[in-house]
Amino acid sequence: DAIIVGGGGHGLSTAYYLAKNHGLTNIAVLEKGWLAGGNTARNTTIIRSNYLFNESAQLYDHSVKLWETLSQVLNYNVMFSPRGVMMLAHTVHDVQVFKRHIHANRANGVDNEWLTPEEAKAYCPPLNIGHDIRYPVMGAALQRRGGTARHDAVAWGYARAADALGVDIIENCEVTGVRHRAGIVDGVETSRGEVGAGAVVFATAGHSGLVGRMLGLPLPIETHQLQAMVTEPTKPLLNTVLVYVAPGHQAHSESYVSQSDRGGLVFGGRLDGFPSYAREPAWHRTEEVVQNTLELLPQIGRASCRERV
């Protein structure tokens, strides 16, 4: 019935919902490597719906609602933790922008609230709200329903549930071409032979541009690297997700940090300013992310980074 190219979170969830909600069981998920070996395994696991525009807020809030019951639906613990996402304001402009977000979210039925610096520290005790730091905290926007999940568990949960519904999941099977007749796609060519289907779905995230070239259909998509890292495990410290944008550097300097269930502090930053498929670190970006975070959480200064994602 359908071929889904890409065995990450999007591909596996597509297979699951096609089987569960639409009755398709003759589905093949083709993955060139191993399940969840791409973007699903390399992200900072943040879940939120506090987006400004109506369409984005409604789309992401539907996603948050799925997350809230996903472990029960899949009968697999995806380790969803609604610990809140706190976006820190450091200038008058930040305050105005975040309050605009809050009002827009509430108009769409999405939770979001404004906190004073003291309320922000009460919610996240390690937060430094002193006036002697480079960019003092002037307040924060908090979405309490936001949080994190275990990225690998999401893929495994969807894979197991899809498999139970009859979906075939094939690893180490790279799609090398698309088969078509009279302009209609009817299958794919892979490193393990041809597979025919009435519909082909490409869920390849950052490699969508390469898929477009394969189809002879250039897509207006660029792939950029995002810097992220994980420290060694530490004792419980951070009970929420902190988001920090350095004033005057919105185009390139942003940091966000949370603590995983294993104890590691998970850092992320803005995209690199140039297209790339590389997975090597850009050290100037890494330095910016760490520098921003240490302003807010100086007590983590001696933690060592163990992993780049």
Looking at residues at least two apart in the chain, or sitting in another chain, which of them share a side-chain hydrogen bond (donor to acceptor under 3.5 Å, both in side chains) with [X]?
{"X": "Ser71", "result": "none"}
{"X": "Gln96", "result": "none"}
{"X": "Asn105", "result": "Asn112"}

Taking [X] for the side chain and [Y] for the main chain, is one N or O donor matched with an acceptor at less than 3.5 Å?
{"X": "Thr293", "Y": "Val289", "value": "yes"}
{"X": "Arg42", "Y": "Gly37", "value": "yes"}
{"X": "Asn43", "Y": "Thr40", "value": "yes"}
{"X": "Asp94", "Y": "His90", "value": "yes"}
{"X": "Thr148", "Y": "Ile46", "value": "no"}
{"X": "Asn128", "Y": "Gly130", "value": "yes"}
{"X": "Glu171", "Y": "Leu35", "value": "yes"}
{"X": "Thr176", "Y": "Glu189", "value": "yes"}
{"X": "Tyr256", "Y": "Gly269", "value": "yes"}
{"X": "Gln143", "Y": "Ser49", "value": "yes"}

Applying a strict under-4.5 Å side-chain criterion to I, L, V, M, F, W and Y, I'd like to know whether Leu12 and Val5 cluster together.
no
Quick check on the hydrophobic clustering: are Leu24 and Val188 connected, directly or via other members, by side-chain heavy-atom contacts under 4.5 Å?
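No; tracing contacts between hydrophobic side chains, which count when under 4.5 Å, never links both residues.
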Which ILVMFWY residues are connected to Ile184, directly or by a chain of links, through side-chain heavy atoms under 4.5 Å apart?
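ILVMFWY cluster around Ile184 holds nothing else.
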Of Lys99, His103, His101, which is the lone residue that meets side chain to side chain contact (heavy atoms under 4.5 Å, CB included) with Trp114?
Lys99
Solution key, residues 80-87 side-chain donor-acceptor pairs under 3.5 Å, sequence neighbours excluded:
unit_1: Ser81; atom_1: OG; unit_2: Arg83; atom_2: NE; d: 3.1
unit_1: Ser81; atom_1: OG; unit_2: Arg83; atom_2: NH2; d: 3.2
unit_1: Arg83; atom_1: NH1; unit_2: Gln259; atom_2: O; d: 2.5

Compile the donor-acceptor pairs under 3.5 Å between side chains in residues 156-166 and protein atoms, sequence neighbours left out, one pair per line.
unit_1: Tyr158; atom_1: OH; unit_2: Tyr17; atom_2: OH; d: 2.8
unit_1: Arg160; atom_1: NH2; unit_2: Asn75; atom_2: O; d: 2.4

[X]: partners by salt bridge (Lys or Arg N to Asp or Glu O under 4.0 Å), with sequence neighbours left out:
{"X": "Glu113", "value": "Arg144"}
{"X": "Asp186", "value": "Arg179, Arg181"}
{"X": "Glu68", "value": "Arg145"}
{"X": "Arg134", "value": "Glu295"}

Here the ring pair (Phe, Tyr, Trp, His ring centres under 6.0 Å) pairs for residues 33-65, sequence neighbours left out, are Tyr51-Tyr60
With ring pair (Phe, Tyr, Trp, His ring centres under 6.0 Å) as the rule and sequence neighbours excluded, what pairs involving residues 172-226 come up?
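The answer is His207-Tyr277.
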[X] side, atom [atom1]; [Y] side, atom [atom2] - distance, nearest 0.5 Å:
{"X": "Ser260", "Y": "Leu265", "atom1": "OG", "atom2": "CG", "answer": "8.0 Å"}
{"X": "Asn292", "Y": "Phe267", "atom1": "CG", "atom2": "CZ", "answer": "11.0 Å"}
{"X": "Lys121", "Y": "Thr116", "atom1": "NZ", "atom2": "OG1", "answer": "12.5 Å"}
{"X": "Ile102", "Y": "Asp111", "atom1": "CD1", "atom2": "CG", "answer": "10.5 Å"}
{"X": "Asp261", "Y": "Met79", "atom1": "CG", "atom2": "CE", "answer": "3.5 Å"}
{"X": "Asp1", "Y": "Leu18", "atom1": "CG", "atom2": "CG", "answer": "9.5 Å"}

Does the side chain of Ile300 reach to within under 4.5 Å of the side chain of Leu238, using non-hydrogen atoms?
no
Check whether any side-chain heavy atom of Val178 lies under 4.5 Å from a side-chain heavy atom of Val200, and answer yes or no.
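Sidechains of Val200 and Val178: no contact.
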